[in-house]
Amino acid sequence: MKHKDGSTDKYKDKHKEKRKEEKMKSLDGKIKKEKENGFASPPHVKSEPEDDFYHSPKHERSLKRERDVDDNDSEFKPKKIKTENEKKAKKRKQDEDIKSKKTKVKKGEVTDGKKKGKKEPEEKWKWWEEERYTDGSKWKFLEHKGPVFAPPYDPLPNQVKFYYDGKTMKLSPEAEEVATFFAKMLDHEYTTKDIFRKNFFKDWRKEMNSEEKAKITDLKKCNFAEMSEYFKAQSEARKAMSKAEKLKIKEENERLLQEYGFCIMDNHKERIANFRIEPPGLFRGRGDHPKMGMLKRRIRPKDIIVNCSKDSKHPEPPPGTKWKEVRHDNKVTWLVSWTENIQGSIKYIMLNPSSRIKGEKDWQKYETARRLKKCVDRIRSQYHEDWKSKEMRIRQRAVALYFIDKLALRAGNEKEEGETADTVGCCSLRVEHIKLYPEKDGQEYVVEFDFLGKDSIRYYNKVPVEKRVFKNLQLFMENKEPDDDLFDRLNTSILNKHLQELMDGLTAKVFRTYNASITLQQQLKQLTSADENIPAKILSYNRANRAVAILCNHQRAPPKTFEKSMQNLQTKIDAKRDQLSDAKRELKSAKADAKVRRDEKSKKAVETKKKAVERIEEQLMKLEVQATDREENKQIALGTSKLNYLDPRISVAWCKKWSIPIEKIYNKTQREKFAWAIDMADDDYEF
DNA sequence: AAGTTGACTTAGGACATAAAAT
DNA sequence: ATTTTATGTCCTAAGTCAACTT
């Protein structure tokens with residue numbers, strides 16, 4: 001790679017060695033060094049991330065997190081219901097936990113948790129009013145029942161045949177199972193893709209016995225049609241099941257949830273997010289994935305590492321089996337882990353977003369973003385300055401940071417070629433991903449971005465940039481090939497180290513959180529008008545949400561039935577319009593009538609008609625709003641930003657300010673996740 | 001300094017269920 | 001009561017980032 005300034009080396013090399021198929025086993029049983037997680041530092045010395053770096057001298061922080069940095073934090077006094085970070089906690093015994101769980105946590109689920117859709121009438125635990133661990137531990141007590149394994153393979157009935165080269169062939173159960181994975185996907189376009197077929201066939205052959213292996217040598221000669229039909233029939237049958245049968249399944253699921261779906265962590269019963277082990281199947285990555293079609297193998301107990309406290313009742317492996325390991329690591333939050341065979345990465349069973357452990361982290365994330373708010377001006381002027389730096393690496397860093405800030409790009413770690421789809425983020429942008437236009441569409445210095453980002457979602461954007469940025473980009477691109485890195489002297493690690501120096505806890509992704517949240521707040525301010533009714537206000541909310549989704553490039557495939565449903569809606573609108581003009585006409589004649597007759601009765605009639613017109617107008621308006629909202633939302637996914645980027649306290653405050661029921665903005669799951677925000681934000685909360 | 005690994009957050013699509021329309 | 005459509009849940013892949021290893 002050639003550099004303008006004559007230097008020779010790069011900080012990254014995108015042609016890396018492939019990762020080994022099976023990663024080396026990692027030091028079993030070794031307890032990881034404590035991680036700086038923001039909960040672990042002694043309060044005053046260093047890094048209570050959300051509040052100590054830029055704290056103003058006049059506000060002395062309480063030792064725990066405050067509720068609102070900007071205003072009266074003085075009145076925020078978490079009760080010390082439970083202060084157990086120190087050794088005393090270690091003494092805590094399991095039976096104490098159980099006991100207190102019974103008192104503090106609901107009775108509902110433990111005792112009568114039947115089909116009741118009604119969940120918890122009992123009062124909720126407000127973990128946000130309690131102290132957090134300051135010693136780096138994530139919990140002191142953890143007990144759970146382990147994972148739920150995928151159901152074992154259920155062989156096909158004998159009449160369902162597989163044909164090879166036109167002739168029927170009975171497969172061994174192992175080979176048959178893998179064949180069924182393929183058969184179930186037959187309708188999918190990707191079973192026609194070369195890579196998918198090649199990967200599948202290769203892995204399938206590994207499951208065959210020697211006879212099968214000798215015979216089945218060409219995927220094209222395989223006929224899965226009967227299997228495919230069988231599964232379609234099965235799913236039809238499932239749909240057609242009687243009420244009672246469906247109810248039975250539902251009850252079984254509920255039973256499983258009650259038994260395995262919860263754990264006890266530090267005195268509280270908490271919901272587990274994913275207690276079911278991922279079933280085997282064919283891997284389908286997103287986008288153009290080199291491993292699509294590979295067999296994702298079945299996970300057995302001996303693959304499983306269980307994490308729980310020593311003094312808990314350990315989960316039992318299924319009869320006749322053993323766990324790979326049981327460990328007691330309270331520096332991590334997971335309950336169960338295993339290594340997945342496609343990428344060799346570790347998968348985890350963790351808690352639900354409503355849990356304390358996830359909630360605290362989420363809250364912390366927004367506090368970090370709010371601290372960025374306080375120093376973002378300084379950081380911005382610094383990177384403006386750095387555009388002029390003599391050092392190439394600093395200019396690159398400054399331009400990249402500008403993109404991350406202005407366009408909410410992701411950091412962009414390097415990836416191993418051939419292991420995953422070819423996608424990029426900011427630091428991994430290549431020359432081929434941008435085009436420079438000194439002038440375009442009447443604007444100067446336009447950069448056109450076109451690349452695939454996370455999940456192979458396309459990012460396409462044309463942005464006018466400062467002249468200096470433009471000139472720098474030209475410089476970075478000089479003498480490079482299209483597939484060379486744009487920022488050849490930069491990577492995420494360099495960038496984040498720099499950010500860390502600018503603000504404690506600052507990393508690239510904080511900019512996304514910050515810009516998303518601040519945008520929501522601004523847009524809400526700008527779009528909400530006091531005199532509008534609730535549906536119109538909600539439209540405004542959705543528009544503000546949408547502005548964020550667009551900024552963050554949260555896309556979705558347009559719903560399959562989009563066009564049709566849009567048409568239907570239009571038909572309704574037209575019908576409503578006709579109805580409106582009819583009503584208006586009637587109103588007019590009623591008025592005329594009243595003018596002539598001048599009696600009470602006809603006056604009444606006018607009133608009635610007027611009411612009708614108003615009602616219809618309102619209905620029409622509602623439909624039109626709905627149409628607009630839906631149209632604007634066609635390819636935009638609001639959920640991701642709502643769940644991951646928008647400080648929920650902004651939304652809560654907005655609801656309180658305009659007397660919008662919170663249910664209009666957050667559904668039940670979301671309200672559970674954001675319970676902390678709902679409880680603590682007032683109508684004047686400011687991000 | 002680069003590579004590796006582990007833990008955790010963020011992401012879109014498939015599927016199931018509920019609500020609305022007919 | 002049945003069908004259609006909207007909404008919510010589940011699933012798990014794909015990122016980020018820091019610590020550890022080489």
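We name chains A, B, ... by the order of the sequence lines, and we start the count at 1 in each one. Just so it is clear, the values below take in all heavy atoms, side chains as well, and ignore hydrogens, waters and symmetry mates.
An OP1 or OP2 oxygen of C:dT9 is reached within less than 4.0 angstrom by no side-chain nitrogen or oxygen of A:K668. Between B:dC8 and A:T333, a contact under 4.0 Å exists linking OP1 or OP2 to a side-chain N or O. Dashed line: the shortest gap from a side-chain N or O of A:Y348 to OP1 or OP2 of B:dT9 is not under 4.0 Å. Contact between the side-chain N/O atoms of A:K415 and the OP1/OP2 oxygens of C:dG15 is found at a separation under 4.0 Å. The side chain of A:R410 places an N or O atom within less than 4.0 Å of a non-bridging phosphate oxygen (OP1 or OP2) of B:dA11. For A:N496, a side-chain nitrogen or oxygen approaches OP1 or OP2 of C:dC17 to under 4.0 Å. Side-chain nitrogen and oxygen atoms of A:T507 include at least one within less than 4.0 Å of the OP1 or OP2 phosphate oxygen of C:dC17. In this structure, A:H554 does not reach the B:dT10 phosphate: none of its side-chain N or O atoms is under 4.0 Å from OP1 or OP2. When the side-chain nitrogen and oxygen atoms of A:K361 are compared with OP1 and OP2 of B:dC8, none of them lie within a distance under 4.0 Å. Checking the phosphate oxygens (OP1, OP2) of C:dC17, no side-chain nitrogen or oxygen of A:K497 falls inside 4.0 Å. In this model, the phosphate group of C:dC11 is not approached by any side-chain N or O of A:R286 to a distance below 4.0 Å at OP1 or OP2. For B:dT9, the OP1/OP2 oxygens have no side-chain nitrogen or oxygen of A:K454 closer than 4.0 Å. Residue A:T669 places no side-chain N or O under 4.0 Å from the OP1 or OP2 atom of C:dG8. OP1 or OP2 of B:dG12 lies within a sub-4.0 Å distance of a side-chain N or O belonging to A:T640.
Residue A:K296 is in sugar-phosphate contact alone, with no base atom involved, counting any heavy-atom pair closer than 4.0 Å across all strands shown. At a threshold of 4.0 angstrom between heavy atoms, the contacts of A:L643 with the nucleic acid are absent. Across all strands, A:A508 comes closer than 4.0 Å only to sugar-phosphate atoms, never to a base (heavy-atom distances). Base engagement by A:N413 is indicated by at least one non-hydrogen atom pair under 4.0 Å involving a base atom. Looking at heavy-atom distances under 4.0 Å, A:P279 makes contact with sugar-phosphate atoms alone, never a base. Among the protein residues, A:R556 comes within range of the sugar-phosphate backbone only, with heavy atoms under 4.0 Å from sugar or phosphate atoms but none that close to a base. Counting non-hydrogen atoms under 4.0 angstrom, A:G425 reaches nothing in the nucleic acid. At a threshold of 4.0 angstrom between heavy atoms, the contacts of A:R512 are confined to the sugar-phosphate backbone, with no base atom among them. At the heavy-atom level, A:G453 lies under 4.0 Å from the strands shown only through sugar-phosphate atoms. Across all strands, A:A557 comes closer than 4.0 Å only to sugar-phosphate atoms, never to a base (heavy-atom distances).
Regarding A:E663, its CD atom lies at a distance of 17 Å from the C1' atom of B:dA19, rounded to whole Å. Residue A:N307 contributes atom CG, which lies 14 Å from atom C1' of B:dC8 at whole-angstrom precision. Between A:K509 atom NZ and C:dA14 atom P there is a gap of 19 Å when expressed in whole angstrom units. Counting to the nearest Å, the P atom of B:dA1 and the CD atom of A:E414 are 14 Å from each other. Between the C1' atom of C:dT12 and the CD1 atom of A:I277 lies a distance of 13 Å, rounded to the nearest Å. Rounded to an integer number of Å, the gap from A:M294 CE to C:dT12 C1' is 16 Å. Atom CE in A:M566 sits about 14 Å away from atom C1' in C:dT5, given to the nearest Å. Residue A:W334 contributes atom CH2, which lies 13 Å from atom C1' of B:dC8 at whole-angstrom precision.
Looking at A:E624 and A:R577, a side-chain N of the basic residue comes within less than 4.0 Å of a carboxylate O on the acidic one, giving a salt bridge. Using a cutoff of 4.0 Å between basic side-chain nitrogens and carboxylate oxygens, A:E236 and A:K239 are scored as salt-bridged. Salt bridge status for A:D135 with A:K140: present, with a side-chain N to carboxylate O gap under 4.0 Å. Here A:E270 does not pair with A:R356 in a salt bridge; the nearest charged N to carboxylate O distance is not below 4.0 Å. The pair A:E419-A:K415 does not count as a salt bridge, with every side-chain nitrogen at least 4.0 angstrom from each carboxylate oxygen.
Under the 6.0 Å cut-off for aromatic ring centres, A:Y260 and A:F275 do not qualify, their centroids lying 6.0 Å or more apart.
Listed nucleotides: C:dG8, B:dA11, B:dA7. Nearest to the side chain of A:N644: B:dA11. Each of B:dG12, C:dC11, B:dA7 was ranked by its minimum atom distance to the side chain of A:R276; first place goes to C:dC11. Relative to the side chain of A:D455, the nucleotides B:dA11, C:dT12, C:dT16 differ in distance, and B:dA11 lies closest. If you check C:dC17, B:dA11, B:dG6 against the side chain of A:A411, the one that comes closest is C:dC17.
Each of A:S641 and A:S337 was matched to the nucleotide of DNA chain B holding its nearest heavy atom; the match closer to the 5' end belongs to A:S337.
The side-chain tip of A:K296 does not point at the ring of A:F181 from less than 6.0 angstrom away and within 45° of straight on.
Ring geometry for A:H188 versus A:Y190: interplanar angle under 30°, hence parallel rather than tilted (30 to 60°).
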